[in-house]
Amino acid sequence: MSKFETLVDMRNGTQQKSVFYDRDIYELELERIFARCWLFLTHESAIPNFGDFVTTKMGEDEVIVARQKDGSIKAFINSCQHRGTQVCPAEAGNAKGFVCSYHGWSYGIDGKLENMPFEKELYKCKVDKSKHGLVQARVESYHGFVYGCFDDDAPSLEDYLGEMKWYLDVWMDATGGVELIGPPSRSILNCNWKTPTENFAGDAYHVGWTHAAGLKVMPGPLSVLSGNAVLPPTGAGLQVTTRHGHGVGILYDAGPALMSDMIEEIFAWQARKKPVIEKKLGALRARFYGSHLNSSIFPNNSFLWGTNTFKMWAPRGPGQIEAFTWAIVEKDMPADLKEGITRVMHRTFGTAGMFEADDSDNMETMTHVNRGFVTRKGKMNSQMGLGGDRVDPDLPGVVGDSAIGETSYRGYYRFYQEILNAKTWDDVRANNADWFVPLLGEQTAEEARKAAAA
Amino acid sequence: MSKFETLVDMRNGTQQKSVFYDRDIYELELERIFARCWLFLTHESAIPNFGDFVTTKMGEDEVIVARQKDGSIKAFINSCQHRGTQVCPAEAGNAKGFVCSYHGWSYGIDGKLENMPFEKELYKCKVDKSKHGLVQARVESYHGFVYGCFDDDAPSLEDYLGEMKWYLDVWMDATGGVELIGPPSRSILNCNWKTPTENFAGDAYHVGWTHAAGLKVMPGPLSVLSGNAVLPPTGAGLQVTTRHGHGVGILYDAGPALMSDMIEEIFAWQARKKPVIEKKLGALRARFYGSHLNSSIFPNNSFLWGTNTFKMWAPRGPGQIEAFTWAIVEKDMPADLKEGITRVMHRTFGTAGMFEADDSDNMETMTHVNRGFVTRKGKMNSQMGLGGDRVDPDLPGVVGDSAIGETSYRGYYRFYQEILNAKTWDDVRANNADWFVPLLGEQTAEEARKAAAA
Amino acid sequence: MSKFETLVDMRNGTQQKSVFYDRDIYELELERIFARCWLFLTHESAIPNFGDFVTTKMGEDEVIVARQKDGSIKAFINSCQHRGTQVCPAEAGNAKGFVCSYHGWSYGIDGKLENMPFEKELYKCKVDKSKHGLVQARVESYHGFVYGCFDDDAPSLEDYLGEMKWYLDVWMDATGGVELIGPPSRSILNCNWKTPTENFAGDAYHVGWTHAAGLKVMPGPLSVLSGNAVLPPTGAGLQVTTRHGHGVGILYDAGPALMSDMIEEIFAWQARKKPVIEKKLGALRARFYGSHLNSSIFPNNSFLWGTNTFKMWAPRGPGQIEAFTWAIVEKDMPADLKEGITRVMHRTFGTAGMFEADDSDNMETMTHVNRGFVTRKGKMNSQMGLGGDRVDPDLPGVVGDSAIGETSYRGYYRFYQEILNAKTWDDVRANNADWFVPLLGEQTAEEARKAAAA
Amino acid sequence: MTEVTTPAPSPVRASESLRSEVEAFLYLEARLLSTAQERLWYTQMLHPEIRYRVCSRQLRSSKSKRYDQPNEVFHFDDDINALDKRVDQIESGIQWRSDPPETLMYIVSNVEAFEDEQGGDVRVYSNVIMIRDRRVYESDQYHYRREDVMRRGDDGALRLLERNVVYGQRMVQGKNLLFFL
Amino acid sequence: MTEVTTPAPSPVRASESLRSEVEAFLYLEARLLSTAQERLWYTQMLHPEIRYRVCSRQLRSSKSKRYDQPNEVFHFDDDINALDKRVDQIESGIQWRSDPPETLMYIVSNVEAFEDEQGGDVRVYSNVIMIRDRRVYESDQYHYRREDVMRRGDDGALRLLERNVVYGQRMVQGKNLLFFL
Amino acid sequence: MTEVTTPAPSPVRASESLRSEVEAFLYLEARLLSTAQERLWYTQMLHPEIRYRVCSRQLRSSKSKRYDQPNEVFHFDDDINALDKRVDQIESGIQWRSDPPETLMYIVSNVEAFEDEQGGDVRVYSNVIMIRDRRVYESDQYHYRREDVMRRGDDGALRLLERNVVYGQRMVQGKNLLFFL
Ligand code: FES
Ligand code: FES
Ligand code: FES
Ligand SMILES: [Fe+3]
Ligand SMILES: [Fe+3]
Ligand SMILES: [Fe+3]
């Protein structure tokens with residue numbers, strides 16, 4: 001058994017601290033996670049027209065994401081098939097294609113190799129151009145959110161998102177659709193890529209303490225939480241984790257609580273739209289619309305619905321990430337509401353954000369204390385609510401009945417270990433029936449199975 | 001036989017140059033040296049009162065060292081048992097305990113987990129708080145100098161110091177006690193952690209040459225050494241190495257020679273106190289009081305008695321250290337004498353020290369030339385005085401009869417190899433009877449054994 | 001078969017992208033390439049007199065290169081045999097010897113250990129000084145160009161240069177001799193060391209595209225190439241690769257085309273000298289004199305004859321180099337012509353060079369895109385002209401009949417793989433008869449053999 | 001957003017004495033911000049109608065004009081109230097990240113002043129390197145260009161009416177911009 | 001090459017008003033060079049007889065005098081024509097490396113001015129940190145000392161007659177010096 | 001030690017002409033120190049009663065007042081004699097580390113001057129980045145704030161009476177401070 005197979009104790013909700021530090025683990029993550037999972041690329045609204053493109057990262061691979069003539073979207077690696085040079089240094093634009101700055105090989109907007117200068121005169125051995133296009137990734141969209149995947153064997157994006165779709169649909173779809181306001185802010189954080197992801201997936205616990213100062217000075221319905229003065233009451237929220245490690249936490253009715261001078265305007269907007277959503281989805285899910293959702297899509301994509309921030313955490317070695325931040329707005333909002341949300345979102349969760357910076361020290365130190373040999377031999381704990389997780393007929397995924405708990409941590413790391421262990425996606429698929437057992441324990445799982453059978 | 005077992009030729013006094021460069025060797029050092037030996041933490045005088053604490057490094061592990069209610073001292077790793085965040089960002093202070101900035105778990109001044117916010121409401125599975133305290137190190141003191149050790153199997157601090165105590169007692173104890181003046185200066189040096197340690201352990205040879213300029217312009221009894229103009233005469237000093245690699249070099253009667261405008265005042269102070277010490281310890285050891293002692297306690301703690309500098313060299317990878325520097329003063333000195341010593345000590349051996357910076361280039365280049373593949377295949381030499389080392393009935397340890405020699409280099413690296421090879425401290429203990437054999441050679445060692453038996 | 005044996009597909013002209021990124025490959029390169037091949041050190045003209053020396057790099061090893069009393073040149077590692085300190089911090093000078101700044105061991109200008117301070121008084125065990133000289137490299141010169149080699153088993157420099165000598169002789173010798181104008185400029189480039197070397201060895205293809213802007217604004221005979229507006233006509237040039245990976249590309253009659261305001265003066269100088277060279281070497285080779293030659297001597301030494309730039313690319317890990325740049329001038333040129341060439345050479349290919357900087361982005365991105373896990377699984381292509389390479393009775397080496405092609409890339413990486421695989425130079429020598437087979441393919445090679453036999 | 005640090009439409013260079021006054025203003029501002037006197041800065045140096053913006057631009061080809069998505073992201077886009085909250089946060093006593101306190105140092109240089117068309121306002125260019133030391137090991141360096149507009153209050157003293165920071169480093173390497181630039 | 005930033009033989013410190021004028025000149029130059037106005041800089045600020053040099057010195061022992069090879073390498077040694085070509089290259093529209101455009105920021109400091117023996121010329125010392133941001137991830141910092149000579153044109157305006165840059169960092173860590181220092 | 005770079009009790013801003021004089025003083029000092037003229041600096045710019053101090057502060061929680069150990073360490077705490085020895089060492093000719101010679105470059109900025117209560121003294125704030133190039137590969141950057149006091153000598157020229165450097169970077173990353181700050 002390799003030393004990588006026991007990084008996570010799925011049943012007891014603990015993880016080796018070395019997962020934030022060890023370079024060998026990181027290399028395995030690149031291979032088994034980032035080269036195999038669906039990774040966020042862009043929102044379709046950033047590349048509406050034929051020839052529009054953005055460049056971004058898939059793990060540490062640089063990719064171009066481009067709108068095709070037929071309206072589809074392709075993604076391909078930003079490295080020339082000749083000697084490897086980057087073919088596009090811009091972050092975004094509209095192009096007919098990409099010309100390599102070294103020898104001028106040119107690629108179409110679909111990444112296919114179109115021209116090699118003086119090909120006829122100089123290439124005696126015919127180079128098969130059809131085999132020298134830029135390396136393609138699979139691309140699929142969900143409600144305009146575009147993801148890419150390097151593994152042909154991976155499930156479809158929809159299957160990969162799985163139970164999460166039921167929660168995403170509320171704001172991505174039932175609202176009439178959303179879009180991301182770019183360009184993203186981009187900044188370094190000296191932390192492991194999993195530290196913000198686990199936090200967004202399932203950490204309502206830190207809000208009152210980490211963000212004590214921000215909560216205190218930004219007046220709003222959550223100010224009372226500052227310094228853990230009070231606990232959200234029972235029934236205030238919910239946590240969910242899913243098949244492929246995605247997690248979501250819900251704080252009911254708290255939607256735009258951190259949106260500062262935009263709170264009232266947003267509440268008013270939501271109040272007007274809520275009836276429409278309720279008609280579409282029923283009361284249970286419509287309540288999510290006005291709630292605050294924190295969430296991560298495995299492996300490195302997070303969002304806050306309510307605070308309207310959308311994040312991608314690109315890894316740069318085990319101890320550093322690049323954070324990408326966009327604002328989420330509803331498509332049918334008036335321009336000044338979109339602008340206001342964007343302005344306030346950056347003020348709270350952007351690079352100069354009053355809440356964002358509170359988190360930095362935590363994430364950086366929890367990464368770098370593990371330089372210590374004895375330190376990194378220790379374990380991390382995510383046992384809050386352990387034993388209380390369950391399957392609910394009305395709520396997809398495994399559910400924790402509390403606004404605050406670590407259900408999503410456990411679910412995130414369960415899948416993390418599963419996919420690290422898997423030689424191929426078939427190994428993952430083999431667990432489809434019983435994936436939740438380690439989270440629930442045999443007994444609860446048995447009940448869950450029975451309930452499902454019934 | 002692993003490639004790590006032949007880094008040192010104990011008998012011939014040579015070492016592989018790669019010990020200053022190789023990352024694999026460094027990782028082994030963290031495991032077998034820094035996680036097993038006694039490491040300097042602080043002087044008790046820095047944390048006199050209940051609740052006083054300092055933070056420091058044990059190898060690359062960050063630790064908190066705190067005075068307990070009962071006057072004892074505890075040390076524990078500065079990383080939360082929840083998700084790993086650093087719990088104390090200050091270097092020193094007085095605290096009731098430590099509250100993690102992430103979720104607010106709070107630990108007592110003894111490192112025990114005291115409170116998890118909303119524990120009762122949120123933790124269904126009871127987390128056993130008694131098992132989630134900060135990771136403790138053993139802590140023991142010698143004359144107020146506090147050391148920590150991560151290995152339960154290690155000998156006591158007193159046993160670990162061994163023969164060194166006989167030398168340390170002179171200035172640490174017979175003087176009426178000393179203390180360190182902090183806060184320490186802290187600075188980077190781009191060298192392997194063993195380069196300053198070996199130097200302080202046993203390098204009187206470099207003084208005249210490396211410090212030629214400083215000696216020349218700082219008037220005092222040692223100025224004549226500048227540029228190797230003269231050699232200290234026979235009988236001018238002594239070198240000693242000990243069971244666990246600690247070494248000391250003595251230059252008789254040269255005590256405060258480098259202390260610049262404080263020389264006279266210190267000589268006068270020592271002259272007044274010397275009779276007391278002679279009464280306590282006899283003439284032989286009392287002479288040490290007015291002498292200059294250079295020394296390292298294995299693995300990374302050094303001092304100069306006379307120049308009154310106390311050092312800890314914290315490793316930061318194979319090619320970098322953080323140097324901590326304190327001034328040593330006698331407790332019963334008047335305030336202005338303490339202040340003067342501190343001022344002059346920093347002027348000579350502090351971060352802006354006129355002698356300290358002379359050493360930097362040597363230590364940095366002897367580390368980094370080993371980037372060269374052919375360079376680092378070579379060996380280093382520490383054969384000066386080889387063949388002359390002996391055991392002396394009056395002087396604990398293995399002794400070299402000269403102010404200048406490399407006895408302590410050989411002893412330092414002998415133990416370095418021994419503990420790198422040892423699977424546990426039992427492997428070390430098994431050599432207790434014969435540890436000095438490689439240093440003396442069989443024949444001399446045999447005589448030593450006989451003498452000891454007699 | 002180790003994973004390092006299939007980095008290059010010699011027959012098909014492709015290479016793994018990981019050769020620019022992987023640290024294990026890099027470590028093997030240090031051992032099997034830089035510790036075994038002839039590496040450029042200096043031109044003799046930089047150290048004309050007894051005691052003159054320069055310091056430079058051989059791979060990552062720092063060396064001193066010094067003129068001896070008998071006029072010969074020695075090279076030795078710049079690391080003291082005592083504790084390893086660098087013994088010479090200057091880049092150049094005239095010295096009687098080198099005194100280590102740590103303890104003052106002193107070495108002669110020949111690297112031999114001459115003096116250890118107080119040796120007689122302090123060293124009981126006699127240290128054999130004759131065995132503690134600085135580690136020597138072999139040194140040989142070719143027309144004043146001095147190379148060093150750490151492997152006693154390697155062929156002589158002349159054998160190592162092999163067929164290249166026939167091309168080098170034209171400008172190094174038949175001109176009456178050349179010299180390098182120093183000191184070199186020195187600068188970082190964040191690229192793998194092979195990226196500029198492969199480029200100089202055989203990349204005429206990039207000139208029109210990469211250097212479009214420079215060509216456009218620097219008036220001269222090559223301006224027409226800007227932006228690939230035209231292709232040099234058939235017969236405009238030639239490419240050659242050789243036994244040990246060295247390559248050269250020739251663009252006929254284009255000599256000083258990039259030399260800006262010096263073009264006319266240089267053309268006039270060459271016109272005057274050409275008859276002499278033609279008399280010595282015949283018309284075929286004399287034409288090389290007024291031509292532009294781009295070339296690399298394996299592993300990391302390049303030059304442009306015509307643009308008169310001479311380069312050494314010292315590796316600093318897999319992703320960084322230090323570029324050394326000298327100007328090449330003919331010894332018998334008048335001082336102001338030498339000065340003008342030097343001035344203009346730095347303006348084009350120096351650290352602030354208008355052409356040099358064009359190349360940087362290509363070389364840096366082709367290195368660092370390989371941080372991407374999927375990216376670096378790909379291959380690089382150097383198939384241009386594959387199938388057309390041949391052996392020519394009049395031209396040493398394997399020849400490609402075109403000014404533009406990738407013959408030299410293929411030859412460079414063929415030898416790269418060969419020497420990486422070789423346990424000793426004997427393994428290389430065993431291929432001497434058939435080395436060109438992978439480049440030509442069996443059939444063409446068979447013809448080549450027959451022709452050679454005839 | 002105005003193209004920062006390009007000359008204003010009718011650039012009338014201010015007198016040296018006005019430029020000196022402006023420079024002194026910026027030095028004082030830097031000193032207040034680096035000695036935990038943010039409230040004093042807020043009260044005495046800001047104009048109540050201040051617009052405080054910090055902008056990064058997405059990297060685009062200078063030739064591609066067909067792509068029409070916005071290319072600016074505003075890390076700050078604050079009015080006087082938003083700045084008030086930022087100062088409040090610093091003063092809250094429960095901002096864990098600023099205890100032990102951080103140490104800032106500003107190098108303010110290349111101060112140029114121009115008369116603005118709008119009578120009395122001063123348009124000011126400056127370049128800044130700011131280094132933030134915090135914890136034992138963190139030193140982050142920031143650099144940026146500023147275009148400010150200053151207006152005199154009733155008391156005749158200059159106040160900051162507009163701050164426009166062009167943050168040229170596309171990926172912020174200092175991990176956050178939670179300080180006053 | 002003149003020993004840069006050591007006092008001229010008869011150093012007569014210029015009046016503060018001349019020094020201010022010179023400082024403003026250097027600030028304007030920096031702004032033009034960092035806002036893609038190199039051509040304006042070339043046309044309006046350079047003297048037609050300009051000599052523009054950037055020099056690195058080989059590290060030598062200060063005691064060794066027997067070695068007589070040259071110790072200076074000139075990264076720039078340009079006259080007005082060579083500078084013209086450099087500006088041309090930037091403006092060519094086909095210099096791939098400068099698209100997306102780079103962002104430069106100069107910190108020009110320690111400006112001292114002296115009257116030169118040659119009537120009317122001004123000898124100017126300054127110290128510079130320049131940071132070049134390009135692509136998403138590259139920020140290279142350069143630092144150097146300058147000794148300039150300025151001369152008034154017929155219109156009375158100062159123009160740059162000599163720039164001598166001492167580049168003290170022996171191995172240039174910012175990978176190239178392809179910008180105006 | 002005085003809290004550096006916070007306003008003096010009765011801060012009367014010096015006239016611009018005095019401030020310019022002070023700035024010129026600091027520029028000259030920087031130039032002497034970076035061109036191997038330390039002795040000239042010592043002789044002509046220092047006041048015989050100078051107190052020259054460089055201080056690091058231990059990081060403490062701003063709330064914890066119960067801990068009463070000293071929190072300052074002085075890297076320099078020199079009088080005129082100690083400074084003399086430091087200059088001697090540089091000039092000794094046997095300081096191996098300074099051969100080949102180092103190259104220093106100071107960016108002195110944010111110079112503010114105040115009249116001190118003690119008649120005639122000038123209290124001066126400045127911010128500094130200093131970069132030291134040495135050997136082929138070493139470039140170390142330092143940054144710090146200074147609070148100086150200057151006093152006029154009998155000849156009317158300013159001399160440095162007090163230098164107080166607050167060194168904000170707790171762990172000195174440039175490996176030593178063996179230069180004049
Ligand atoms: S590397 Fe892209 S065209 Fe050659
Ligand atoms: S990490 Fe410390 S309380 Fe959660
Ligand atoms: S290391 Fe060179 S003399 Fe000791
Ligand atoms: Fe948070
Ligand atoms: Fe020393
Ligand atoms: Fe090129």
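The basis for the numbers below is simple: all heavy atoms, side chains too, and nothing from hydrogens, waters or symmetry mates. So that the names make sense, note that chain A is the first sequence line, chain B the second, and so on, each numbered from 1.
Counting non-hydrogen atoms of other residues, nucleotides and ligands closer than 6.0 Å to CG of D:D155 gives a total above 12. A 6.0 Å sphere centred on CD of D:E91 holds more than 12 heavy atoms belonging to other residues, nucleotides or ligands.
At a threshold of 4.5 Å between non-hydrogen side-chain atoms, the residues A:K96 and D:R66 count as touching. A:W209 is not listed as a side-chain neighbour of D:I94, based on a closest heavy-atom distance of 4.5 Å or more.
How far CG of D:L178 is from OG of A:S360: 8.5 Å, rounded to the nearest 0.5 Å. Note: D:H75 NE2 to A:T351 OG1 = 5.0 Å, rounded to the nearest 0.5 Å. The line from NZ of D:K175 to CE of A:M363 is 13.0 Å long, rounded to the nearest 0.5 Å. D:K85 contributes atom NZ, which lies 8.0 Å from atom CZ of A:R347 (distance to the nearest 0.5 angstrom). One distance of note links CD1 of A:I188 with CD of D:Q169; it measures 9.0 Å at 0.5 Å rounding. Note: A:N362 CG to D:W96 CH2 = 11.0 Å, rounded to the nearest 0.5 Å.
In terms of heavy-atom pairs under 4.5 angstrom with chain D, the leader among A:G350, A:P183, A:S45, A:A95 is A:P183. The most heavy-atom pairs under 4.5 Å with chain D, out of A:E91, A:R186, A:H211, come from A:E91. Of the listed residues (A:A357, A:P89, A:A90, A:P219), the one with the most heavy-atom contacts under 4.5 Å to chain D is A:A357. If you tally non-hydrogen atom pairs under 4.5 Å between each of D:D88, D:D78, D:L181 and chain A, the highest count goes to D:D78. Heavy-atom pairs under 4.5 Å with chain D were tallied for A:T210, A:N49, A:T55; the largest tally goes to A:T210.
Neither the backbone nor the side chain of A:A327 comes within contact range of chain D; no heavy atom of the residue lies under 4.5 Å from a heavy atom of that chain. Of the atoms belonging to A:S185, heavy atoms from both backbone and side chain fall under 4.5 Å from chain D. Heavy atoms of A:E364 lying under 4.5 Å from chain D belong exclusively to its side chain.
Across all non-hydrogen atoms, the minimal contact from A:A213 to D:Q89 is CB-CG, 3.8 Å. For D:Y67 against A:A46, the heavy-atom pair with the smallest separation is OH-O, 2.6 Å. Across all non-hydrogen atoms, the minimal contact from D:R170 to A:P184 is NH2-O, 2.7 Å.
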>> With salt bridge (charged side-chain N to carboxylate O under 4.0 Å, His left out) as the criterion, how do D:R135 and A:D361 come out once you've worked through the C-alpha distance, each side chain's angles and the decisive distance to 0.1 Å?
In response: CA-CA 10 Å; D:R135 305 307 198 222; A:D361 279 335; 3.2 Å; yes

> Would A:E356 and D:N176 count as a side-chain contact (heavy atoms from CB on, under 4.5 Å) if you check the C-alpha gap in whole Å, the side-chain angles of each, and the deciding distance to 0.1 Å?
Replying inline: CA-CA 8 Å; A:E356 181 82 354; D:N176 67 48; over 6 Å; no

> What's the verdict on side-chain contact (heavy atoms from CB on, under 4.5 Å) for D:Q69 and A:I181, showing C-alpha distance, side-chain angles and the deciding distance?
Replying inline: CA-CA 9 Å; D:Q69 301 289 317; A:I181 302 295; over 6 Å; no

